[in-house]
Every structure is written in structure tokens, then in C-alpha cells.
Number of protein chains: 2
Amino acid sequence: MKLEILTKNENREIEDEIISKIRDLINYKNLEPGDKLPAERVLSEKFGVSRSSVRSAIQKLEFYGILYSKPQSGTFISNIGQIAMNGMIEDILSLGEHDFKSLVETRILLELKIVKMAALRRTEEDLERIRQALSAYKVKMINGEPCVEEDLLFHLAIASACKNTTMNTLMLLITPEIIVAYQEDRVCEGDVALAQIKQHEDIYMAIRDQDPQLAKEKMKLHFTKLYDYIYGENRKKVIKG
Amino acid sequence: MKLEILTKNENREIEDEIISKIRDLINYKNLEPGDKLPAERVLSEKFGVSRSSVRSAIQKLEFYGILYSKPQSGTFISNIGQIAMNGMIEDILSLGEHDFKSLVETRILLELKIVKMAALRRTEEDLERIRQALSAYKVKMINGEPCVEEDLLFHLAIASACKNTTMNTLMLLITPEIIVAYQEDRVCEGDVALAQIKQHEDIYMAIRDQDPQLAKEKMKLHFTKLYDYIYGENRKKVIKG
DNA sequence: ATATCCAAACTGGTTAACCAATTTACCAAA
DNA sequence: TTTGGTAAATTGGTTAACCAGTTTGGATAT
């Protein structure tokens with residue numbers, strides 16, 4: 001277990017080091033957007049690392065849109081300026097794990113917007129999918145079983161209905177971390193369970209009726225509860241009041 | 001060029017197909033969170049694809065938090081339930097490129113929140129970084145040079161100051177696409193340039209004075225201009241009025 | 001002098017062999 | 001039966017060889 005962390009850190013450090021070296025190379029050689037990076041083999045030799053390490057570093061920069069690779073041709077610098085590139089690489093290097101508070105803050109921000117858009121743009125298929133997710137959630141909830149997954153699936157179904165590809169992707173990205181953070185089998189009981197179900201049903205009905213403002217209000221209500229749970233007294237296994 | 005697209009599509013299709021097969025395998029074998037996936041070699045043979053293809057698919061699922069790999073041990077299913085996993089994989093498979101409108105919508109949503117948080121939490125170092133970005137932006141702007149990069153660096157500096165790791169990461173993710181979409185060398189002239197600079201300065205000063213509400217207002221002003229530019233008449237190379 | 005063409009070198013992508021660490025299975029000793 | 005240790009098998013990660021296009025540079029014909 002300890003080793004795993006070490007390995008990950010090591011790998012990360014190696015990857016980041018290569019990224020840093022690539023940045024230095026671009027700066028030193030004054031490469032501009034569209035210019036070709038040295039070949040992977042050359043870089044691996046110059047940096048004294050394996051070619052696959054270089055490749056993984058390049059792929060990461062490619063993912064962030066800073067580089068792009070053309071097969072049988074080379075790797076090129078994207079059409080963003082040198083200054084912007086430097087700043088972004090610095091940010092990429094310095095970004096670490098997400099703290100739970102920032103995750104929840106972001107989720108709330110996203111979903112208050114998403115639910116409005118979903119209310120306006122949802123199709124019948126979206127509605128049916130949301131309804132099914134809600135149904136699965138209710139079953140678990142009533143039986144007193146853990147239902148974090150079903151809860152978040154409900155919200156993901158809404159995100160899918162909002163027809164904003166970017167926001168949907170971002171929700172997909174941050175959702176797993178939230179699920180894991182919640183994973184300790186938290187359940188609700190009695191009145192609270194019923195209240196939670198009602199909140200979800202209210203959201204669903206607002207979307208069904210295509211009332212964006214009401215949907216946002218109901219989502220806000222849903223989140224005030226969540227906010228209390230996050231920032232309130234120490235987290236409890238069972239919410240009773 | 002055509003080939004590049006084909007190659008990418010092909011790759012993507014292969015990767016998605018493998019992801020789909022992995023999902024089916026998990027469902028068929030009823031694997032639960034924490035269970036170990038078959039070894040990469042086994043999967044590559046079973047699916048009739050190369051091991052590196054399996055690896056890239058696994059890495060993608062790892063990025064989305066659905067799987068995690070332990071060196072010399074195996075690949076395991078993350079601590080999210082089977083139902084949630086299935087829904088998320090379906091979403092991942094269906095998500096494509098981001099349309100420009102959704103990118104801008106998301107950016108605006110994020111930044112209106114970010115700028116408030118930045119005003120509250122910025123350190124002196126953050127402020128200095130923002131100031132420098134603003135300075136670089138002004139120089140280009142006054143000289144009538146393209147300054148999209150400097151503009152977005154200014155905004156990224158603000159994002160970095162908001163101290164929300166998740167939002168900062170998301171900004172880093174969506175920013176390059178925006179830059180590229182804007183890249184056609186757009187410049188402002190005369191009064192418009194001065195107005196743009198003033199908008200930025202207003203935002204900077206609000207952050208400096210730690211006035212979140214004012215910062216948000218100024219950012220909103222900045223974005224109404226942007227919104228017009230996006231949704232208004234056909235995009236122009238030079239904004240004059 | 002210029003345009004055309006072809007082969008050799010170079011490219012990123014792919015495949016297969018290799019490595020070190022971990023897990024597993026088994027056997028001997030208590 | 002339980003325990004300890006050891007060696008073989010299995011793992012994800014790494015490296016090196018290979019492949020199919022692309023680019024390039026110069027030889028050749030016009």
C-alpha cells in the first residue's frame with residue numbers, strides 16, 4: 001500500500017519532469033504554434049528516459065490541448081500562444097487532488113445551471129431515463145438501503161438531459177470522486193427518507209413540466225440539505241433530523 | 001488530413017468498443033466494487049485486440065475514476081456501484097466533442113463563481129500574477145495585436161486564485177478549446193480596445209479590493225460583450241462597435 | 001533553370017518480448 | 001492443524017523491435 005503511493009508519486013514526478021523539460025525545450029528553441037516538436041525517439045534520448053514515458057507525457061499535454069500528434073508526421077504545438085502555453089503547463093504541473101469541499105461546491109454550481117437547462121431542453125427519452133433513475137432511487141431509499149449511486153445516477157440523468165456536452169462531461173468527471181467520498185454506507189431513515197424522496201420527485205416534476213425556475217428552486221432546496229450535511233457538525237452515518 | 005480524422009475515429013471506435021466489452025464482462029461476471037478485472041493479457045486475447053489497446057481503454061476508465069490499477073497486482077473496479085458504473089460508461093461512450101456554445105456557456109458559469117471566490121480568497125501572490133497577466137494583455141491590446149492568449153491567461157490567473165482545485169482544473173480543461181476556437185486573429189481597435197481594457201481593470205480592482213459582488217458584476221459586464229459576440233450576427237474579424 | 005518523380009530516411013503508432021514486484025501455492029517444521 | 005518460508009506463476013509497467021504512411025532531398029528529364 002505504501003509502495004503504491006510511492007510508485008504513483010514517482011511516476012507522476014517522472015511524467016511531470018518530462019512535461020517540464022518539454023516546456024523548457026519549447027521556450028529555449030522558441031517554438032511557436034504549429035511548429036513540430038522533436039521526434040519521440042530524440043526526446044527520449046535527450047531526456048534520458050524511455051520513449052513510452054515521453055509518449056505518456058505528450059499524451060497528457062495532448063489531452064489538455066497543448067500539443068497534437070499527426071501519425072507518421074510528428075507532434076506539433078497547438079494553436080495557442082507561447083505565453084498561454086507556459087502558464088497552462090505551470091498550472092497543469094501544480095494541480096493536485098481535489099478536496100472534497102471544492103468538489104461539492106463545483107457540483108452544486110454546475111447542477112443549479114444544469115437543472116434549468118434540462119427543464120428547457122429535455123426530450124421524452126431524457127424524461128423517461130430520469131424517471132427510471134428516480135424509481136430505482138426510491139426503492140432503495142424506502143428499503144433503507146444505501147442509495148448514493150442511485151442518487152447520483154438521477155443527477156447524471158439530468159445532466160445528460162441538459163444537452164450541454166461540456167457540462168455533462170464535467171459532471172462525469174467529478175461525480176466518481178463524490179461517490180467515493182460518500183461511499184461509507186450512508187442511509188436515511190423514516191421521515192428524512194420520505195423528505196429526500198419528495199425533493200427528488202419535485203425536481204423531476206419541475207423538469208417534466210418544463211419549469212426551469214421551479215426546477216432550480218427545488219434543486220437548491222435539495223442542496224441546502226447537502227450543504228448542511230457537508231459543512232455542519234461532524235458527518236454522521238445516519239441522518240435523523 | 002482526411003486520414004488523420006479517419007485514424008482518430010477508428011482509434012476511438014476501437015477504444016470505445018473495448019470499453020463496451022469490459023462493461024459487458026463486468027455485468028456478465030457480476031463483478032462488484034473492489035473485484036479484480038482479468039489481466040490485460042487475458043482481456044487482449046479474449047477480445048482479439050492488442051494489449052496496448054486494452055491498456056488505453058483501461059486508462060480512460062481509470063481517468064474517469066471507474067477503474068484503478070495497482071502495479072504488479074491487477075486492475076480493480078472502483079468503489080462505485082454497478083448501476084452507477086453502467087450509467088457512467090454509457091455516458092462516456094456517448095460523449096463526443098464539445099460544441100462551442102456549450103463551452104462558452106460553461107466558461108461563463110464557472111467564471112462568475114470563480115471571480116467571487118477569487119475576490120475573497122486571493123493572496124498577494126495571486127494578485128501579482130493577475131496584475132502581470134493584465135499588464136501583458138494591455139500591451140498587446142494597445143498595440144492592436146491579437147491578445148486572445150493574454151486574455152485567457154488573465155482569466156486563468158483568476159481561476160488559480162479562487163483556491164477551488166476542482167474549478168481550476170475544469171477551467172484548464174475547457175480553456176484550450178476556447179482559445180483554438182477564437183484563434184483566428186481577432187483584434188479590437190480604438191475605443192473598443194480601451195473599453196475592453198477597462199473591463200479587465202475593473203475586474204482586477206474588484207478582486208484587489210476583495211469585493212466579490214462587484215467582481216461578479218464586472219465579470220458579467222465583460223461577458224455580456226462576449227455573449228453578444230458569440231450569439232450576435234456572424235462573427236467578425238474586427239470588432240468596431 | 002525548373003518541374004517531376006522516386007527512393008531513402010524519418011515519423012507516430014503497434015506489437016511483442018522483457019522486468020521487477022506481488023501474489024499464490026505448496027511443503028516442511030512445529 | 002497451524003505456521004513459516006520459499007519458489008513458481010501472475011501481474012502491470014517498461015523497453016525495444018517492427019509497421020505503414022509521410023516527408024524530404026536530390027537525380028533526371030524537359
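Naming convention: chains lettered A, B, ... in sequence-line order (proteins, then strands); numbering from 1 in each chain.
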Any protein N or O atoms within reach of nucleotides 16-20 of chain D? Criterion: under 3.5 Å, listing atom names and distances.
unit_1, atom_1, unit_2, atom_2, d
D:dC18, N4, A:Arg41, NH2, 3.1

| query | According to the interplanar angle, ranging from 0 to 90°, do the rings of A:His155 and A:Phe223 count as parallel (below 30°), tilted (30 to 60°) or perpendicular (above 60°)? | reply |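 Taking A:Phe223 first and then A:His155, their aromatic rings lie parallel (interplane angle under 30°).
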Rounded to the nearest Å, what distance is computed from the [atom1] atom of residue [X] to the [atom2] atom of nucleotide [N]?
X       : N      : atom1 : atom2 : answer
A:Glu62 : C:dG13 : CD    : P     : 7 Å
A:Lys70 : D:dT22 : NZ    : C1'   : 10 Å
A:Glu45 : C:dC10 : CD    : P     : 13 Å
B:Phe76 : D:dG12 : CZ    : C1'   : 10 Å
A:Phe47 : D:dT14 : CZ    : P     : 17 Å

| request: Answer with base, sugar-phosphate or nothing: what part of the nucleic acid does A:Ser52 contact at a heavy-atom distance below 4.0 Å? | output: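 Base: the residue A:Ser52, judged by heavy atoms under 4.0 Å, touches a nucleobase.
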| task | In sequence, state the C-alpha distance, the side-chain angles, and the governing distance for A:Asp24 and A:Lys46, and then conclude on salt bridge (charged side-chain N to carboxylate O under 4.0 Å, His left out). | result | CA-CA 13 Å; A:Asp24 294 343; A:Lys46 180 175 293 198; over 6 Å; no
| field | Main-chain N/O of A:Leu156 paired to A:Ser160 side chain as donor or acceptor, under 3.5 Å | value | no
| field | Proximity to the side chain of A:Glu40 - top-ranked nucleotide from D:dG13, C:dT23, C:dG12 | value |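 So the nucleotide nearest the side chain must be C:dG12.
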| query | Nearest of C:dT14, C:dT11, D:dT22 to any side-chain atom of A:Lys36? | reply |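 Comparing C:dT14, C:dT11, D:dT22 against the side chain of A:Lys36, the answer is C:dT11.
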| task | Compute whether any side-chain donor of one residue and acceptor of the other, for A:Ser53 and A:Ser56, lie under 3.5 angstrom apart. | result | no
| message | Does a side-chain N or O of A:Arg55 approach OP1 or OP2 of C:dG13 to a distance below 4.0 Å, or not? | response | yes
| query | Are more than 12 heavy atoms from other residues, nucleotides or ligands located less than 6.0 Å from atom CD of B:Gln132? | reply |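 Check passes, neighbour count above 12.
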| said: Using side-chain heavy atoms (C-beta onward) and a distance below 4.5 Å, is A:Thr123 in contact with A:Glu128? | reply: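 A:Thr123 vs A:Glu128: side chains apart.
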